[in-house]
Enquirer: 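First, the structure itself, so that you have it in front of you.
This structure is a prediction, so every number in the text was calculated from the model and none was measured. Values below: all heavy atoms of this structure, side chains included; hydrogens, waters and symmetry mates excluded. In each ligand, atom 1 is the first atom listed, and ligand 1 is the first ligand listed. Residue indices begin at 1 and follow the sequence shown.
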Amino acid sequence: MYNATNSGSRMFRYEVVGLRQNAETDKTDYAIRNSGSQFFNVPYDRMNQFMQQITRWGGKIVSIHPLNGAAAPLAATTEPASNTSNNGAAPVKEKKVDIPVNIYRPNNPCIGKVISNQELVREGGEGTVKHIIFDISGTELRYLEGQSIGIIPAGTDANGKPHKLRLYSIASTRHGDFQDDKTVSLCVRRLEYKDKETGETIYGVCSSYLNQLQPGDEVKITGPVGKEMLLPDDPEATIIMLATGTGIAPFRAFLWRMFKENNPDYQFKGLAWLFFGVAYTANILYKDELEELQAKYPDHFRLTYAISREQKTPDGGKMYIQGRIAEHADEIWQLLQKKNTHVYMCGLKGMEPGIDEAMAAAAAKNGADWQEFLKGTLKKEGRWHVETY
Ligand code: FAD
């Protein structure tokens with residue numbers, strides 16, 4: 001049923017697992033069966049209907065890859081960036097690119113179409129976080145890793161006015177998850193908290209709106225914005241990334257650019273070190289992909305988790321990200337002495353003081369004043385990048 005080679009519309013190949021065999025699924029003519037996975041070719045305009053059908057059949061979508069007119073899927077890019085060095089020639093210098101800013105403003109947003117909206121939190125985890133891919137083909141929107149876009153939720157606020165935009169860090173590289181320059185992805189946690197006075201559960205407006213989007217839905221997008229979290233051009237740089245929760249979004253873009261894409265103008269040969277703080281193992285967003293990268297590029301990518309509800313610090317406290325920074329503070333301090341080491345911090349606002357404290361202790365051990373070094377060297381040289389919210 002979904003196997004048609006539809007010439008008019010873009011086609012996507014879905015990999016699905018866990019489909020129960022029954023009369024209804026047997027009627028479909030899905031193409032290939034391979035170690036438990038089933039593959040479906042679905043035209044763009046039937047994605048919504050298809051996803052609902054898969055849910056009804058008890059299946060889980062593992063991946064979606066574009067078929068016609070698109071580049072190879074990310075997973076097919078297996079060569080390590082560090083081993084593809086221009087046939088031994090000197091590395092090609094990254095071409096200076098303009099930083100796109102505010103191509104679309106709130107009074108004139110562009111329209112993105114949802115391609116997929118997938119849950120990232122696994123069973124036993126806390127809350128709900130979605131990886132959402134938008135089709136932006138046919139728009140002028142383009143962006144760089146580390147930038148954000150604005151989303152204007154549908155509907156009106158309590159005063160009957162259109163909702164204001166909310167910013168979200170872009171989770172895909174400039175080429176998009178399918179490397180075809182036609183998409184942008186977000187990583188969105190649905191805001192949920194209890195009202196202190198009434199005890200009522202309150203859900204965030206925009207994050208709830210994004211959470212319930214279905215393939216095919218149209219969304220108002222503004223931006224891109226942000227120059228704080230851009231990657232340096234130097235492919236030999238040391239990039240230390242400190243993420244809590246959805247703060248992983250820009251770092252997913254960084255890591256995909258470094259290791260999953262084969263960009264002739266950016267062959268990463270430096271060190272990327274990600275510290276990732278979450279509540280539970282089931283909340284480690286993009287876990288399989290991160291661990292696959294680490295296994296594949298152990299000399300270029302270090303991955304350190306802080307899992308606060310499961311791991312303890314040596315003195316018995318909860319292991320937050322600053323606990324891991326404290327553990328490795330001497331090494332980080334040494335790395336920071338190199339002029340091409342950059343630190344990026346993204347996620348919850350509350351993460352900053354603990355990190356400062358851990359670094360202050362390391363600086364003191366080395367006879368230095370952290371605040372002085374932070375302001376006088378790291379910030380001055382544009383090597384300390386913070387985006388917390
Ligand atoms: P709203 O309906 O706007 O509610 C938010 C308000 O609720 C707060 O202003 C506060 O008044 C109140 N509130 C929130 N928590 C509590 C609490 N515990 N107790 C009492 N009151 C509370 N979010 C992501 O999920 N992923 C991202 O990648 C991401 N990137 C961002 C990048 C930037 C640069 C910025 C500035 C923000 C980013 N955010 C991201 C946050 C995002 O912009 C929204 O703020 C978030 O989704 C909540 O918006 P909302 O409309 O759902 O909530």
Enquirer: Tell me whether Arg166 has any N or O atom under 3.5 angstrom from an N or O of ligand 1.
Expert: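 Yes, at least one N or O pair falls under 3.5 Å.
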Enquirer: Does ligand 1 come near enough to Leu167 that some N or O of the ligand is less than 3.5 Å from an N or O of the residue?
Expert: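 Checking ligand 1 against Leu167, an N or O pair does fall under 3.5 Å apart.
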Enquirer: List for me each residue that meets ring pair (Phe, Tyr, Trp, His ring centres under 6.0 Å) alongside Phe251, sequence neighbours excluded, and say none if there are none.
Expert: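 For Phe251, the residues satisfying ring pair (Phe, Tyr, Trp, His ring centres under 6.0 Å) (neighbours in sequence not counted) are Phe254.
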Enquirer: Tell me whether Ser208 has any N or O atom under 3.5 angstrom from an N or O of ligand 1.
Expert: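 Min N/O separation from ligand 1 is not below 3.5 Å for Ser208.
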Enquirer: For Glu387, counting its heavy atoms only, list the atoms of ligand 1 lying under 4.0 Å from any of them.
Expert: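 Reading through ligand 1 atom by atom, the close ones are 34 (C).
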Enquirer: Atom 25 (O) of ligand 1: which protein heavy atom is closest, and how many Å away?
Expert: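 Result for atom 25 (O) of ligand 1: Arg189 N, 2.9 Å.
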Enquirer: Quick test: of every protein heavy atom, which one is nearest to atom 4 (O) of ligand 1, and how far off is it to 0.1 Å?
Expert: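 Protein heavy atom with the smallest distance to atom 4 (O) of ligand 1: Leu191 CD2, 3.5 Å.
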Enquirer: Have a look at ligand 1 and work out which part of Val205, if any, has a heavy atom under 4.0 Å from it: side chain, backbone, both or neither.
Expert: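 It is both backbone and side chain that touch ligand 1.
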Enquirer: Would a 4.0 Å cut-off, counted as strictly less than, catch a protein heavy atom around atom 35 (C) of ligand 1?
Expert: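 For atom 35 (C) of ligand 1 the answer is yes, since some protein heavy atom falls inside 4.0 Å.
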Enquirer: Is Lys269 paired with Asp299 through a side-chain N to carboxylate O contact shorter than 4.0 Å?
Expert: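 No salt bridge links Asp299 with Lys269.
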Enquirer: Can we call the ring centroids of Phe39 and Tyr14 under 6.0 Å apart?
Expert: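 No; Tyr14 has its ring centre 6.0 Å or more from that of Phe39.
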Enquirer: Could you tell me the residue and atom name of the protein heavy atom closest to atom 46 (C) of ligand 1, and the distance to it rounded to 0.1 Å?
Expert: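 Going atom by atom, the protein heavy atom closest to atom 46 (C) of ligand 1 ends up being Tyr168 OH, 3.7 Å.
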Enquirer: Please enumerate all residues that pass ring pair (Phe, Tyr, Trp, His ring centres under 6.0 Å) together with His131, with sequence neighbours excluded.
Expert: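 Scan of His131 (ring pair (Phe, Tyr, Trp, His ring centres under 6.0 Å), adjacent residues dropped) gives Tyr286.
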Enquirer: With Ser148, which of Met229, Glu387, Glu228, Arg166 fulfils side-chain contact (heavy atoms from CB on, under 4.5 Å)?
Expert: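 It is Glu387; the other options fail the test.
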Enquirer: May I ask you to decide whether Glu200 forms a salt bridge with Lys194, counting only side-chain N to carboxylate O separations under 4.0 Å?
Expert: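 So Glu200 does not pair with Lys194 through a salt bridge.
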Enquirer: State whether any protein heavy atom lies less than 4.0 Å from atom 11 (O) of ligand 1.
Expert: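 There is no protein heavy atom less than 4.0 Å from atom 11 (O) of ligand 1.
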Enquirer: Can you tell whether the side chains of Glu145 and Arg174 come within less than 4.0 Å, N to carboxylate O?
Expert: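 Yes, charged N to carboxylate O under 4.0 Å.
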Enquirer: With a 4.0 Å cut-off, would you call Lys365 and Asp330 a salt bridge?
Expert: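 Result for this pair is yes, salt bridge flagged.
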Enquirer: Kindly confirm or rule out an N or O of Val188 lying under 3.5 angstrom from an N or O of ligand 1.
Expert: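 No - when backbone and side-chain N and O of Val188 are compared with those of ligand 1, no distance drops under 3.5 Å.
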Enquirer: Looking only at protein heavy atoms, identify the closest one to atom 41 (C) of ligand 1 and say how far it is in Å.
Expert: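 For atom 41 (C) of ligand 1, the nearest protein heavy atom is Tyr389 CD1, 3.7 Å.
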Enquirer: For atom 52 (O) of ligand 1, what is the closest protein heavy atom, and at what distance to 0.1 Å?
Expert: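 The closest heavy atom on the protein side is Ser207 OG, 2.5 Å.
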Enquirer: In terms of residue, atom name and distance, what is the protein heavy atom nearest to atom 26 (N) of ligand 1?
Expert: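 Heavy-atom neighbour on the protein nearest atom 26 (N) of ligand 1: Cys187 O, 2.9 Å.
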Enquirer: Looking only at heavy atoms, is any part of Pro153 under 4.0 Å from ligand 1, and if so is it the side chain, the backbone, or both, or is it neither?
Expert: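 Answer for Pro153: neither.
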Enquirer: With the threshold set strictly below 4.0 angstrom, can you tell me whether any protein non-hydrogen atom sits that near atom 43 (O) of ligand 1?
Expert: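 Yes; the ligand atom in question has protein heavy-atom contact below 4.0 Å.
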Enquirer: Report yes if Lys194 has an N/O atom closer than 3.5 Å to an N/O atom of ligand 1; otherwise report no.
Expert: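 There is no such contact.
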Enquirer: Can you check whether His328 and Trp273 have ring centres sitting under 6.0 Å from each other?
Expert: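 Aromatic pair counts; centres sit under 6.0 Å.
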Enquirer: Going by heavy atoms in the side chains, are Leu285 and Cys187 under 4.5 Å from each other?
Expert: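 A side-chain contact exists here, since the closest heavy-atom pair is under 4.5 Å.
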Enquirer: Is a salt bridge present between Glu331 and Arg302, judged by a nitrogen-to-oxygen distance below 4.0 Å?
Expert: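 Here Glu331 pairs with Arg302 in a salt bridge, since their nearest N and O are under 4.0 Å apart.
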Enquirer: For ligand 1, does Tyr193 get within less than 4.0 Å through its side chain, its backbone, both, or neither, judged by non-hydrogen atoms?
Expert: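 Within the 4.0 Å criterion, Tyr193 contacts ligand 1 through side-chain atoms alone.
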Enquirer: Considering only the protein, which heavy-atom contact is closest to atom 30 (N) of ligand 1, and what is its distance?
Expert: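 Checking every protein heavy atom, the shortest distance to atom 30 (N) of ligand 1 gives Ser169 N, 3.1 Å.
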Enquirer: Return a yes/no value for Ser148: is any of its N or O atoms, backbone included, closer than 3.5 angstrom to an N or O of ligand 1?
Expert: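 Among all N and O atoms of Ser148, none is under 3.5 Å from an N or O of ligand 1.
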Enquirer: Between Tyr344 and Trp384, is the ring centroid distance below 6.0 Å?
Expert: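 No, the ring of Tyr344 stays outside the 6.0 Å limit from the ring of Trp384, centre to centre.
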